[in-house]
Amino acid sequence: MLDKTYDPAATETRLYEGWESSGAFAADPASAAAPFTVMIPPPNVTGSLHMGHALTFTVQDALIRFRRMQGRDTLWQPGTDHAGIATQMVVERLLAGEGTDRSTLGREAFLQRVWQWKAESGGTITRQLRRLGASLDWPRERFTMDAGLSAAVRTVFVRLFREGLIYRDRRLVNWDPKFQSAISDLEVEARELRGQLWHLRYPVADQPGRFITVATTRPETMLGDTAVVVHPDDPRWSDLIGRHAVLPLVGRRIPILADTHADPAKGSGAVKITPAHDFNDFVVGQRHDLPMPSVLDREARITLAELADAIIPVAGIADPAFLRTLDGQPREAARTAILAELERLELLEKTEPHTHQVPHGDRSGVAIEPLLTTQWFCNAAVLAQPAIAAVEQGRTQFVPKQWENTFFAWLRDIQPWCISRQLWWGHRIPAWYGPDGQVFVAADAAEAAAAARAAYGTDVALTQDEDVLDTWFSSGLWPFSTLGWPEATPELARYYPTDVLVTGFDIIFFWVARMMMLGLHITDQVPFRTVYIHGLVRDERGQKMSKSKGNSIDPLELIDRYGADALRFTICTLTGPGRDVKLGAARVESYRGFVTKLWNAARFCEMNAIAPQPGFDPAGARLTLSRWLLDAANAAVAAATTALEAYRIDEYAAVSYRFVWNVFCDWFLELAKPVLGAADTADAAEIRAVAAHVLGTILRLLHPAMPFVTETLWDHFGYGGPCSLIRAPWPVADAVTDAAEARAELDWVVRLISEIRAVRSEMNIPPATRAPILLREAAPATLARAARWDDAIRRLGRAESVTPLAGPPPRDAAQVVLDEATIVIPLAGLIDLDAERTRLGRERDKAAGEAEKIARKLDNADFVARAPEEVVAENRERLDAAREDATRLAAALARLG
RNA sequence: GGGCGCGUAGCUCAGCGGAAGAGCACUACCUUGACACGGUAGGGGUCACAGGUUCGAUCCCUGUCGCGCCCACCA
């Protein structure tokens, strides 16, 4: 016997272990079935499950389970990402707690320490994915720093280098002073800050008393200024073009140049140019061939090293002694000191409040310092072209399609991708340097040594590049590196390209675009045919969930409280296309009610000896109720299948929910009760068989969304062996005899009972009072129907009897019009005649109003002439029906007197 | 500054050219032999606003207003 309530905690772990140990999650490369492949977006190896994971993995698992049931050979590839900066940060924080740091430990020991941390905490996320029910093919789990994946990284790097698509360059990069590493454009986020705009007066050389005013938000970089530019057409400064300014504090003469970069509308119209510390200035500097001295070092401290030769004492403007006090100062302190000195020298014209966007490292949270360094770059502009073409040609499709625009916009204007990071945790760049700096890029040290020997004619000592690769470089290879590439494995041949990539829009650039670029270039195939983009998880008020805001909900806690199925089903119902998912515990709690409803429906079935009948053939179903249910199940299955195929998880959930609750429970089981309650008849036997059959359909239909409770019931009822629902066939339409007739009949029964209930409720008839139901002016077919459903009507309509009425209705009776018939409910002593008159009047007016509206439409010649025939015909029918209703209601009202 | 998305019942959202929908919340009644994590019935909406296209617009077009997000030169 099933317990009175479903206890998820008691079943989930056991079922998951059952599935996993039986190999139910495993792909089968030897299978004759068509493959269906999904690559997990690899979570950070040291991370733990948050609501965003719960969303994406629930969606993926539902799709995988659906396709698996459809008979596809599914591969859901698991794995984790080494997450360079994030993981290194965690371990560094650990070290700080122990009073040490990575430089004290040294590279080798530090890396050992990270591997140790990975060994300790790397299993957390995969354990948590199991709690969610994710049916990943665990024996195939990969890690981005596995030997195999690392080899793939080196192979790709070497190849792209040889093709000239990876190169070393000295240029401005986004420098994160906290991590002391370059980061990519994508890892920079603009934060709005309220700062100041300082107007500095630079003396014009050889024109005593003349100044050119420049406005800046970063006065500390002025030491590195190598020019001032003004717009060629700006009359304020045109006479100074070609002259020089004397750079205050430093004393160097810098040219005043004409350049359209200067916007006359902004600041003073004159711009100081600091090519080594500003991206725009860098471009201007290149254009005018300006020197580019760095005046900030890797820690964002002032450094005068590159300035030393240029410092010229100038009376009243530049004092080398002051400059020396700045050397080694952090940028903030230098700013204060420089402003004070300029003020003292009367070179600070004014200070204005100024709100502006300041780039910050998204992980470090500190302001980025544009810095001239030598880094490795990937020529993304070249790789982007095939990626753009693949989406344009539809070889890869985004769902929803609108995200293609986002994808295109970014790729069409893509900048060189800085792929080197000055970190330790990650794939070390496979480049070695000879004594003279000659670079040898090779898959390993031996190969590099051989290349060096060939180049120098003798063995030389090589040193490997200290840097590691951007984490997203290895993630970009994930769809094929996990399948064994560069080896030509059977898995690669069979499961690549993958079918669908499921992820949030926040990593379209970081990851999706990189996979497209690298995948197409390396394999000549798109890495996935579809990209399904879901929204972000937010709290109930629509705020982004974050630890710092304290509004995040722990999915594990929700699973503990309500069960994984309730959480999963909630996520499924809420994840509409292009919509964020607003989720709170209350929602999960309410959908737990659906899990309970299913459970109780199953309990009812069990109590009524409903059990699967081997060899049952739905086509042989004889009873109208049976055929109606089978037909409704067909419709639900078809709608659910279409929805899942179109990635409409929300619609799939809604269709399933409505069928189970509103069709199976509310009407079928209720209508079946009289039959089941009667003696052991042939009718009862058929109802049992059909109920069992449809319950089986329901369990299969819901399994992708609610795997645990459905598998529990499947096992319990013996639809298959233990843990077999996961691989049970997805339901298809059953053959149903005369489905239209069954639909029409049950539609009438449902409407009749609903009308009776509505009148009783409105008339405040106590539930205990059973009233006779009289059918007036009913056609013989209607009376026959009523006779067939006598039990059900009496039970669900709380009726004493259902009989025809030949003559006029009794005085104290409620009346309802249903098609051609009038339902008369005599309620002597119970009915308030005034209320009934009011009610009938209202109903009549409603019907008359409706008729009026349709009549107006039909009177419109244009409508009749131009609207499609079906629409006009439909309106004519509706008009007839409304008029008849109005007439009958008016007659009923008249009978009340 | 550029782009995208969203404004439909108290809340969360579906519908996107031919009768305004669901879930939750609310109200009334009901411990009826599966389920009170339940049942039955009910109230509640000029579908943001203004124009336009159409026989017909919540749905298509244009504009306005609100909200959110992404990208973008820290003068």
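Order of the sequence lines fixes the chain letters, A, B, ..., with proteins taken first and strands second; residue numbering starts at 1 for each chain.
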Inset, instruction - Output yes when at least one side-chain N/O atom of A/Arg878 is less than 4.0 Å from OP1 or OP2 of B/A19, else no. - result: yes

Inset, instruction - Tell me whether the OP1 or OP2 atom of B/C13 has a side-chain N or O from A/Arg648 closer than 4.0 Å. - result: no

Inset, instruction - Ignoring backbone atoms, test whether A/Trp403 places a side-chain nitrogen or oxygen under 4.0 Å from the OP1 or OP2 oxygen of B/C69. - result: no

Legend entry - Between C1' of B/G56 and CZ of A/Phe863, the distance in whole Å: 8 Å

Legend entry - Separation of B/G39 C1' from A/Leu671 CG (nearest whole Å): 15 Å

Inset, instruction - Kindly assign one of parallel, tilted or perpendicular to the pair A/Phe659 and A/Phe664, based on the angle between their ring planes and the thresholds 30° and 60°. - result: tilted

Legend entry - No-H, no-angle donor-acceptor pair, A/Arg757 side chain to B/A41 base, under 3.5 Å: no

Legend entry - Out of B/G18, B/C69, B/G15, whichever nucleotide has its closest atom nearest the side chain of A/Phe505: B/C69

Legend entry - Proximal nucleotide (of B/G7, B/C69, B/C55) relative to the A/Arg579 side chain: B/G7

Legend entry - Under 4.0 angstrom between A/Lys582 side-chain N/O and B/C13 OP1 or OP2: yes

Legend entry - Any donor-acceptor N/O pair under 3.5 Å between B/A19 base and A/Glu877 side chain: no

Inset, instruction - Take atom OH of A/Tyr657 and atom P of B/C37, then tell me their distance rounded to the nearest Å. - result: 14 Å

Legend entry - Closest listed nucleotide, where the reference is the side chain of A/Pro868 and the choices are B/G39, B/C73, B/G18: B/G18

Legend entry - Base versus backbone protein contacts along nucleotides 28-33 of chain B [heavy-atom cut-off under 4.0 Å; B, S, -]: -SS-B-

Inset, instruction - Return no unless some side-chain N or O of A/Lys597 is found under 4.0 Å from OP1 or OP2 of B/G39. - result: yes

